[in-house]
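Here the structure comes first, spelled out in structure tokens, and everything after it is commentary.
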Amino acid sequence: QVQLVESGGGLVQAGGSLRLSCAASGRTFSSHPMAWFRQAPGKEREFVSFINWTGSLISYADSVKGRFTISRDNAKNTVALQMNSLKPEDTAVYYCAAASRNYYSERVGSYDYWGQGTQVTVSS
């Protein structure tokens, strides 16, 4: 079992930065691929970024590429999402997720464990 708790959301002006953090509990955290998703009001949950358990495979949605950076610290059981040059369209609830199976996926259904989400609001 893996439990995930996100933090770091808030209100920021366009062009600003936020750093989201996801704290995981569970002895096998280091073996789980992790991802960030987001969900804006009235929209489906969408993929933002992925990192495999070693950090050797990382990917981003086109909409955030070049602005967001994902990282993980297996010793501290944390995954972070550094978000720079934020835009109003980045406004959403951001979720941390972990997968049991060790393969790359951008699908919501591929992830078994989810945090409660943290709100990010970017004002114009």
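Throughout, residue positions are numbered sequentially from 1 according to the sequence presented.
- Looking at Met34 and Cys96, their side chains come closer than 4.5 Å, going by heavy atoms from C-beta outward.
- The closest side-chain donor-acceptor pair between Ser100 and Asp112 falls under 3.5 angstrom.
- Clustering ILVMFWY residues whenever any of their side-chain heavy atoms sit less than 4.5 angstrom apart, transitively, puts Leu86 in the very cluster that holds Val64.
- Contact detail for Ser49 and Ser59: the closest heavy-atom pair is OG-O, 3.0 Å.
- Under a hydrophobic-cluster definition in which Ile, Leu, Val, Met, Phe, Trp and Tyr are linked whenever side-chain heavy atoms come within less than 4.5 Å, directly or via other members, Leu57 and Ile70 are assigned to different clusters.
- Inter-residue side-chain proximity for Ser21 and Val79 is flagged as unmet; no heavy-atom pair is nearer than 4.5 Å.
- The distance from atom OG of Ser56 to atom CD1 of Ile51, rounded to the nearest 0.5 Å, is 8.5 Å.
- In this structure, Arg45 contributes its side chain and Ala40 its backbone to no donor-acceptor pair below 3.5 Å.
- For CD of Gln116, the number of neighbouring non-hydrogen atoms (other residues, nucleotides, ligands) closer than 6.0 Å is greater than 12.
- Note that NZ of Lys43 and CZ of Arg38 are 8.5 Å apart. Values are rounded to the nearest 0.5 Å.
- Judged by distance alone, the side chain of Thr118 and the main-chain N or O of Glu6 form no donor-acceptor pair under 3.5 Å.
- Leu4 and Phe47 are not part of a single hydrophobic cluster, where members link through side-chain heavy atoms under 4.5 Å apart.
- Note that CG of Leu81 and CG of Leu18 are 10.0 Å apart. Values are rounded to the nearest 0.5 Å.
- Remark: Leu20 CG to Thr78 OG1 distance equals 12.5 Å, nearest 0.5 Å.
- The ring-ring contact (aromatic ring centres under 6.0 Å, His included) contacts involving residues 49-107 comprise Phe50-Tyr104, where partners must be two or more places apart or lie in separate chains.
- The side-chain heavy atoms of Ser17 and Gln82, taken from C-beta on, include a pair separated by under 4.5 Å.
- To the nearest 0.5 angstrom, Ser31 atom OG is 9.0 Å from Asn74 atom CG.
- Scanning both residues, Gly117 and Val93, for their nearest heavy atoms gives CA-CG1, 3.8 Å.
- Counting only heavy atoms from C-beta outward, the side chains of Tyr113 and His32 approach each other to under 4.5 Å.
- Between Val120 and Thr91 the shortest side-chain heavy-atom distance does not fall below 4.5 Å.
- Contact of the Val5 side chain with the Cys22 side chain is not registered, since no non-hydrogen atoms from C-beta on lie closer than 4.5 Å.
- Within the model, atoms NZ of Lys87 and CZ of Arg67 stand 4.5 Å from one another, a figure rounded to the nearest 0.5 Å.
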>> Let's go through Gln119 and Thr121 carefully: what are the C-alpha distance in whole Å and the side-chain angles of both, what is the deciding distance for side-chain hydrogen bond (donor to acceptor under 3.5 Å, both in side chains) to 0.1 Å, and is it a yes or a no?
In response: CA-CA 6 Å; Gln119 177 70 48; Thr121 303; 3.3 Å; yes

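- More than 12 heavy atoms of other residues, nucleotides or ligands sit less than 6.0 Å from atom CD of Glu106.
- Under 4.0 Å is where a charged nitrogen must lie from a carboxylate oxygen, and between Lys65 and Asp62 at least one such pair does.
- Note: Trp114 and Phe37 meet the aromatic proximity criterion, with ring centroids under 6.0 Å apart.
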